[in-house]
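Structure first, then comments.
We name chains A, B, ... by the order of the sequence lines, and we start the count at 1 in each one. Side chains are part of it too, since the values below use all heavy atoms of this structure and drop only hydrogens, waters and symmetry mates.
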Amino acid sequence: MSEESSENERQRKLEKLQELGIEPYNGPYPVTHRAPLIQAGFSELEGQSVAVAGRLVAIRVHGKAAFAHLDDGEGRIQLYLRADTLAETYTTFTDLLDIGDIIGCHGTVFKTRTGEVTISVQKFKLLTKSLRELPEKWHGLKDVELRYRQRYLDFIANSKARQNIHLRIRMIALVRRFLEDRDFLEVETPILQPIYGGAMARPFVTHHHALNLPLYLRIAPELYLKRMTVGGFNRVYEIGRNFRNEGISSTHNPEFTALEVYQAYADYRDMMQLTEELIAFLAQQIFDSYRVSMAGTEINLEPPWERLSLQQVFRMHAGIEIESLQDLAFARNYLGQNSIRVEKKLSWGTAVDEILKKWIEPELKGPVFLYDYPTVLSPLAKNKPGDPDWVERFQPILAGIELGNAFSELADPREQRIRFQRQHQEKEKGDEEAHPMDEDFVTALEYGMPPTGGLGIGLDRLIMLFAQEESLREIITFPTLRPKAL
RNA sequence: GGGCCGUUAGCUCAGCAUGGUAGAGCAUCUGCCUUUUAAGCAGAGGGUCGCAGGUUCGAGUCCUGCACGGCUCACCA
């Protein structure tokens with residue numbers, strides 16, 4: 001087989017290297033410079049000696065001289081190797097090293113006649129022998145299954161894949177900086193929870209042996225973060241993984257990274273401001289502009305963002321009064337006319353939700369805050385003053401995508417208990433995503449939670465939009481896949 | 001979970017409508033080559049065509065099932 005013969009070829013070279021007394025897995029190596037710095041600082045570095053280390057990604061042998069490209073993780077730099085400088089080690093390089101091998105080398109910086117900044121190698125050291133052939137140099141690794149399964153190959157072969165992860169890391173660091181600057185404390189709350197909550201979703205279930213207890217992987221940290229505001233932590237946030245046992249799609253992964261923020265003595269209007277300022281800050285830091293190209297259109301993220309109540313948006317985009325959907329016969333008729341399929345049991349809440357998600361939101365370029373939601377859809381949000389049917393809740397929409405969810409938190413333990421009981425009834429009726437009763441949380445509210453604004457943002461989706469990708473998997477370091485059957 | 005599409009050399013892809021001994025480029029190997037950059041020139045090796053059945057004298061190609069993946073619908077952020 002070809003793979004075998006190629007591996008044997010590399011195996012043969014590895015054995016030959018050992019015969020020559022060259023250790024094929026070596027290290028460390030004292031690196032003095034990184035590729036982008038050598039290129040940027042050429043005028044100062046010309047003629048100077050530098051030491052670099054990285055993976056050989058291209059080799060061009062021209063008889064008694066050779067060129068190679070080294071990828072050091074930050075960039076690529078060309079190497080120039082000559083038989084007269086390197087003596088007998090020159091043939092070691094040309095005969096026994098391969099694309100994919102990791103080496104360290106030092107030499108002087110110069111420019112070739114074509115103007116490329118290059119290191120004229122004085123000495124090199126093999127650090128790691130690669131036993132498998134890398135993906136093709138020109139087309140890279142295209143096969144999406146291989147790209148996600150062997151993500152390390154994707155990162156080696158496709159610079160956009162690497163850039164996406166760098167962007168992700170940078171954005172998350174910037175979110176932390178933004179919140180630290182506003183005196184929010186980053187906290188850690190349980191991922192393993194005896195009662196899951198804070199969202200409507202099916203959980204993953206696991207089991208603790210010593211306690212002989214079923215535990216759920218959190219679907220959201222919400223109820224614990226609110227317990228912290230009860231405990232006197234007035235500005236908290238958490239960035240972490242949530243787990244939802246739902247389908248996988250270009251905008252859903254079973255584990256995803258969410259930001260949740262809680263600010264005591266604030267409400268959802270403050271959270272709107274926090275949201276637009278946060279995302280505008282990210283755009284400024286990353287693109288140096290409020291105008292950002294997302295999903296094929298330019299979006300202006302400069303605050304303040306448009307704010308549309310559900311009443312307004314239903315009038316504008318659906319041409320109906322939202323309350324008219326409380327008449328289920330009308331709702332059924334309307335959904336049918338617009339060929340919106342509803343698999344769940346039709347109710348006032350599901351009708352609103354379906355029209356919003358399938359009909360209205362995809363049309364909204366944004367950025368826009370949709371606000372004031374029906375209470376039935378929001379078991380943890382606070383009612384609008386004097387109006388039990390509506391809650392103070394909003395969702396930020398960007399390029400037709402729901403980026404998150406926020407509300408004035410429900411602090412009244414009596415009302416919270418009733419909402420839980422209603423959810424519990426839905427669960428009894430077979431709604432697997434209904435919120436379970438959490439007595440301990442209600443108890444916490446009975447001790448008193450300050451008025452609080454809460455915000456959740458799906459960071460993966462935000463990163464996806466900033467990365468100009470159309471699938472979450474492109475910005476998730478290791479996307480969830482079914483293991484290959486043997 | 002449903003529908004549609006895909007799976008051929010290490011990688012990127014042809015070949016399949018009309019069945020007849022498996023192709024190209026890159027990579028690899030051999031030879032030549034001291035400023036190339038998808039280096040070049042000459043030659044060579046490399047395949048249970050995703051897996052299992054079926055139809056057929058004959059299947060990469062047609063049919064069925066399965067696996068994995070992508071898109072999409074459904075659910076959710």
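Toward the 5′ end of RNA chain B lies the nearest nucleotide of A:I99, the other residue of the pair A:Y80 and A:I99 mapping further downstream. Each of A:R82 and A:A199 was matched to the nucleotide of RNA chain B holding its nearest heavy atom; the match closer to the 5' end belongs to A:R82.
By the ring-ring contact (aromatic ring centres under 6.0 Å, His included) test, A:H139 is found to be paired with no residue, residues two or more places apart in sequence or in another chain being considered. The salt bridge (Lys or Arg N to Asp or Glu O under 4.0 Å) test applied to A:K160 returns A:E469, not counting sequence neighbours. Every residue two or more places apart in sequence or in another chain was checked for a salt bridge (Lys or Arg N to Asp or Glu O under 4.0 Å) with A:E361, and none qualifies. Not counting sequence neighbours, A:E46 has no partner by the salt bridge (Lys or Arg N to Asp or Glu O under 4.0 Å) test. Remark: A:E260 pairs with no residue by the salt bridge (Lys or Arg N to Asp or Glu O under 4.0 Å) rule, at least two apart or across chains. Here A:F42 pairs with nothing under the ring-ring contact (aromatic ring centres under 6.0 Å, His included) rule; sequence neighbours left out. The side-chain contact (heavy atoms from CB on, under 4.5 Å) search around A:P203 returns A:Y196, A:Y216, A:I219, not counting sequence neighbours.
The NE2 atom of A:H62 sits 17 Å away from the P atom of B:G31 (whole-angstrom rounding). Going from atom CZ of A:R202 over to atom P of B:A74 covers 18 Å, rounded to whole Å. B:C29 atom C1' lies 12 Å from atom CG of A:D95, rounded to whole Å. A straight line from CG of A:N8 to P of B:G45 spans 18 Å, rounded to a whole angstrom. In this entry the distance linking CZ of A:R12 with C1' of B:C29 reads 8 Å, nearest Å. Atom CD in A:E133 sits roughly 11 Å away from atom C1' in B:C29 (whole-Å rounding). A:E246 has its CD atom 14 Å from the P atom of B:G1, to the nearest Å. In this structure, A:R132 places its CZ atom 15 Å from P of B:A9, rounding to the nearest Å.
Counted by atom type alone, A:Q48 and A:T108 present zero donor-acceptor pairs between their side chains at under 3.5 Å. Side-chain N/O atoms of A:N405 and A:R393 include a donor and acceptor closer than 3.5 Å.
For the P atoms, the distance linking B:A52 with B:C26 amounts to 33 Å, nearest Å. Distance noted for atom P between B:G43 and B:G50: 31 Å (whole Å). For the P atom pair drawn from B:G25 and B:A39, the interatomic distance equals 15 Å after rounding to whole Å. Using atom P as the reference point in both B:G53 and B:U28, the two lie 38 Å apart (nearest Å). The C1' atoms of B:C29 and B:G45 are separated by 7 Å, rounded to the nearest whole Å. Going from the P atom of B:U61 to that of B:U7 covers 12 Å, rounded to whole Å. Comparing the C1' positions of B:A42 and B:G47 gives a spacing of 25 Å, expressed to the nearest Å. Taking atom C1' on both nucleotides, B:G6 is separated from B:G60 by 15 Å, rounded to a whole Å.
Less than 4.0 Å separates RNA chain B from at least one heavy atom of each of the following residues of residues 63-75 of chain A: A:G63, A:K64, A:A65, A:F67, A:H69. Against RNA chain B, the stretch residues 134-149 of chain A makes heavy-atom approaches under 4.0 Å through A:P135, A:E136, A:K137, A:W138, A:H139, A:G140, A:L141, A:K142, A:D143, A:V144, A:E145, A:L146, A:Y148, A:R149. Near RNA chain B, meaning a heavy atom under 4.0 Å from it, residues 470-477 of chain A has A:R473 in order of number.
How far OH of A:Y148 is from CG of A:L141: 11.0 Å, rounded to the nearest 0.5 Å.
Pair assignment for B:U30 gives B:A42, based on Watson-Crick or G-U wobble hydrogen-bonding distances that are each under 3.5 Å. Across all strands shown, B:U36 forms no Watson-Crick or G-U wobble pair with both distances under 3.5 Å. Under the Watson-Crick and G-U wobble criteria, each requiring two contacts below 3.5 Å, nucleotide B:U64 is paired to B:A52. Nucleotide B:C4: paired with B:G70 (Watson-Crick or G-U wobble, both distances less than 3.5 Å). When both distances must be under 3.5 Å, the Watson-Crick or G-U wobble mate of B:A17 does not exist.
At a threshold of 4.0 angstrom between heavy atoms, the contacts of A:K13 are confined to the sugar-phosphate backbone, with no base atom among them. Across all strands, A:F110 comes closer than 4.0 Å to base atoms (heavy-atom distances). As judged by a 4.0 angstrom heavy-atom cut-off over every strand, A:G247 is placed among the base-contacting residues. The residue A:I457 sits apart from the nucleic acid: no heavy atom pair falls under 4.0 Å. Across all strands shown, A:E402 has heavy atoms under 4.0 Å from sugar-phosphate atoms exclusively, and none from any base.
Between A:R60 and the phosphate of B:A39, there is a side-chain N or O to OP1/OP2 separation shorter than 4.0 Å. For A:R482 and B:C68, the shortest distance from a side-chain N or O to OP1 or OP2 is below 4.0 Å. Contact annotation: A:K358 side-chain N/O to B:A74 OP1/OP2 distance is under 4.0 Å.
A tilted orientation is assigned to the rings of A:F394 and A:Y268, their planes being inclined by 30° to 60°. In this pair, A:F67 and A:H62 present their aromatic rings perpendicular. The plane angle is above 60°, beyond the 30 to 60° band.
Salt-bridge annotation for A:D71 and A:R76: present, with a side-chain N of the basic residue lying under 4.0 Å from a carboxylate O of the acidic one.
Donor-acceptor pairing under 3.5 Å, judged by distance alone, is absent between the side chain of A:R113 and the base of B:U35.
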Distance-only donor-acceptor pairs under 3.5 Å for side chains of residues 92-103 of chain A, two or more places apart:
unit_1: A:T94; atom_1: OG1; unit_2: A:Y90; atom_2: O; d: 3.4
unit_1: A:T94; atom_1: OG1; unit_2: A:T91; atom_2: O; d: 3.4
unit_1: A:D98; atom_1: OD1; unit_2: A:K13; atom_2: NZ; d: 2.5
unit_1: A:D98; atom_1: OD2; unit_2: A:K13; atom_2: NZ; d: 3.3
unit_1: A:D98; atom_1: OD2; unit_2: A:K129; atom_2: NZ; d: 2.7
unit_1: A:D101; atom_1: OD1; unit_2: A:S130; atom_2: N; d: 2.8
unit_1: A:D101; atom_1: OD2; unit_2: A:D98; atom_2: N; d: 2.8
unit_1: A:D101; atom_1: OD2; unit_2: A:K129; atom_2: NZ; d: 2.7

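Shown here, B:A74 is classed anti by the O4'-C1'-N9-C4 or O4'-C1'-N1-C2 angle, which is more than 90° from 0.
For the salt bridge (charged side-chain N to carboxylate O under 4.0 Å, His left out) condition, the pairs that include at least one residue of residues 33-42 of chain A, sequence neighbours left out, are A:R34-A:E74.
If you check B:U36, B:A27, B:U28 against the side chain of A:E116, the one that comes closest is B:U36.
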